[in-house]
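Side chains included, hydrogens not; waters and symmetry mates left out as well; all remaining heavy atoms used. Throughout, protein chains are lettered first and strands after them, A, B, ... in sequence-line order, and every chain is numbered starting at 1.
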4 protein chains.
Amino acid sequence: MLASFDPVFPNPSLGGQTRRVRLSVEPSTNPDDYEFEHTIRVRFVETDGMNVVHHSNFLAYFEETRVAYLQHIGHPYTAWRDAGLESPVLESFVSYRRPLEFDDVMKVHLRLAAVTRATFQMAYLITADDSEAGTSVRATGVTVHGCTSGGRPTRLPAWLAELGRNLA
Amino acid sequence: MLASFDPVFPNPSLGGQTRRVRLSVEPSTNPDDYEFEHTIRVRFVETDGMNVVHHSNFLAYFEETRVAYLQHIGHPYTAWRDAGLESPVLESFVSYRRPLEFDDVMKVHLRLAAVTRATFQMAYLITADDSEAGTSVRATGVTVHGCTSGGRPTRLPAWLAELGRNLA
Amino acid sequence: MLASFDPVFPNPSLGGQTRRVRLSVEPSTNPDDYEFEHTIRVRFVETDGMNVVHHSNFLAYFEETRVAYLQHIGHPYTAWRDAGLESPVLESFVSYRRPLEFDDVMKVHLRLAAVTRATFQMAYLITADDSEAGTSVRATGVTVHGCTSGGRPTRLPAWLAELGRNLA
Amino acid sequence: MLASFDPVFPNPSLGGQTRRVRLSVEPSTNPDDYEFEHTIRVRFVETDGMNVVHHSNFLAYFEETRVAYLQHIGHPYTAWRDAGLESPVLESFVSYRRPLEFDDVMKVHLRLAAVTRATFQMAYLITADDSEAGTSVRATGVTVHGCTSGGRPTRLPAWLAELGRNLA
């Protein structure tokens with residue numbers, strides 16, 4: 001779970017301005033490195049013409065798990081929204097390791113992986129059983145989130161900043 | 001368009017095995033750095049409860065553009081499939097810079113950015129006009145692809161390897 | 001384009017109350033019966049594990065065409081929304097006649113088919129070319145819409161009521 | 001659950017040929033009229049710019065429930081597919097009664113409603129709780145299915161025909 005992406009992107013097209021990619025987490029492939037687990041069964045609508053889950057749906061699986069995690073820790077996303085907050089995705093990364101098929105039952109493992117003043121990162125690991133190979137890794141990923149109020153960036157909720165301090 | 005992500009992920013959970021993240025491209029925010037452009041109008045179904053395009057749909061916009069690009073260069077994806085080839089996504093990265101809204105008309109800029117023996121990478125830049133700010137960057141991204149035949153990894157088509165040699 | 005569904009549903013579970021199905025239009029399979037035409041190319045993400053377009057996407061094709069039609073007649077849906085109006089779907093019907101495949105280019109034909117004080121109906125016909133059979137019918141459908149302001153039913157816009165009078 | 005749609009569509013555009021709409025079931029709004037129940041929680045990705053579930057997703061909810069039902073009765077759809085059978089949707093009808101919102105927990109009630117030699121119909125009722133109104137009806141719907149083998153229409157499985165005889 002160490003920071004592994006080179007975080008500095010010198011970006012000439014922005015007039016020499018240095019831009020940092022916020023994503024700095026490497027998602028582990030070991031379920032024990034994750035604090036939360038959520039089960040999802042693949043819908044037929046999520047498959048594509050290759051007869052496997054279309055790659056865009058993994059972001060929806062991460063999102064469903066994120067919502068379940070926030071409810072689990074007592075800060076459901078509906079409460080964020082009732083308080084006028086949104087948590088937009090700023091960056092996403094997915095590594096597709098092995099396909100998921102229709103009706104597969106996956107476990108999505110989640111870990112709050114990094115928190116800064118304005119952003120937080122979630123890491124994900126998807127595993128599923130296979131009649132031949134046993135449990136195997138299907139995908140890993142990271143999402144980076146900000147926090148907005150009325151469409152404008154705002155500070156993270158205090159409880160989330162606190163969780164971040166405990167990560168260090 | 002230089003390789004910018006640190007490509008080496010020492011991965012203890014794989015028994016000390018080193019795993020390389022294949023994604024190595026930084027997508028430029030300058031449209032001039034891209035070789036192909038494709039126009040897409042945002043559908044209402046693609047918006048979410050934040051009243052902006054849901055982040056998972058950017059992967060579908062990249063895909064539609066990739067398909068248009070392959071047709072443009074004379075190697076339509078339907079021909080790949082007729083030849084028994086698929087081109088699964090191995091990794092994806094998206095940086096969401098500014099939201100897209102319903103009915104926005106975006107330009108998706110694409111560049112074939114890297115080719116190895118077994119994989120290729122596409123870089124993307126999405127721009128759209130805004131009545132106030134003029135044209136602005138909405139997102140950048142990268143997808144890494146392999147090539148499979150009958151579900152097994154296979155060599156890239158010769159024309160694609162050739163395109164890769166011209167990138168160097 | 002005659003009203004063909006029996007509109008009266010005696011509904012015992014509602015305490016004997018009679019409920020009317022609003023949908024009353026039979027969509028023609030003749031393109032000449034439609035006033036507007038919109039072209040859409042099938043995305044790969046829209047296919048499913050049967051290697052054809054998943055049936056839920058036809059509603060998105062109808063919607064995209066409806067939006068294009070409203071713009072065409074000078075009442076873009078963005079203007080509805082700027083005026084605080086929404087046009088929720090109350091009922092939908094689709095007849096799937098022949099599959100659409102990846103990269104197929106379809107024509108979606110649309111006709112404003114019926115207007116009452118509080119609802120309007122759109123009829124749709126999807127056709128596409130086939131190398132063997134020429135142009136063929138892929139689907140027909142109907143959507144029934146209401147009009148809401150702040151989430152509450154409201155009268156249709158005057159121009160739409162006027163269009164309805166011209167249908168009679 | 002009586003047949004309520006007028007089944008005869010004289011279709012002049014088909015040269016006077018009469019075409020039957022296969023859909024003949026009125027879905028009841030009483031949960032007691034259904035034999036199976038499945039619970040689904042609304043994902044954020046399923047909401048749209050009206051901040052409610054997009055109407056196309058109801059077909060996915062019906063599908064997920066259909067798959068759960070088939071597993072429940074010992075004929076999982078994966079077994080159909082292993083046997084070379086598919087069950088394409090021929091027609092769909094949805095009546096959207098009251099919106100579903102993000103994180104709502106719905107119950108999808110299903111009933112096998114009609115079986116002919118070549119087709120079968122499923123009826124659906126979606127209910128969900130509301131803090132103010134208690135349980136309320138959100139949608140009803142019907143899907144009509146055929147059975148294909150290698151893309152060609154084929155007879156329904158014997159067990160399904162048998163279930164149909166028990167409906168009469």
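Each of D:Ala139, D:Gly141, D:Ser56, D:Pro88 has some count of heavy-atom pairs under 4.5 Å with chain C, and the biggest count is that of D:Ser56. Interface check for chain D: of the options C:Leu59, C:Asp32, C:Thr143, C:Val52, the most heavy-atom pairs under 4.5 Å are formed by C:Leu59. The residue among C:Arg81, C:Glu63, C:His55 with the most heavy atom pairs within less than 4.5 Å of chain D is C:His55.
Between D:Trp80 and D:Tyr77, the ring planes are tilted. Angles from 30° to 60° get that label. Between C:Phe44 and C:Phe102, the two ring planes are perpendicular [angle over 60°; tilted spans 30° to 60°].
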| query | Can you check side chain to side chain donor-acceptor pair (under 3.5 Å) on D:Ser24 and D:Gln121, steps first, answer last? | reply | CA-CA 8 Å; D:Ser24 65; D:Gln121 300 183 44; 3.1 Å; yes

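With D:Thr127 as reference, D:His109 is the one residue of D:Arg138, D:Arg97, D:His109 to meet the side chain to side chain donor-acceptor pair (under 3.5 Å) rule.
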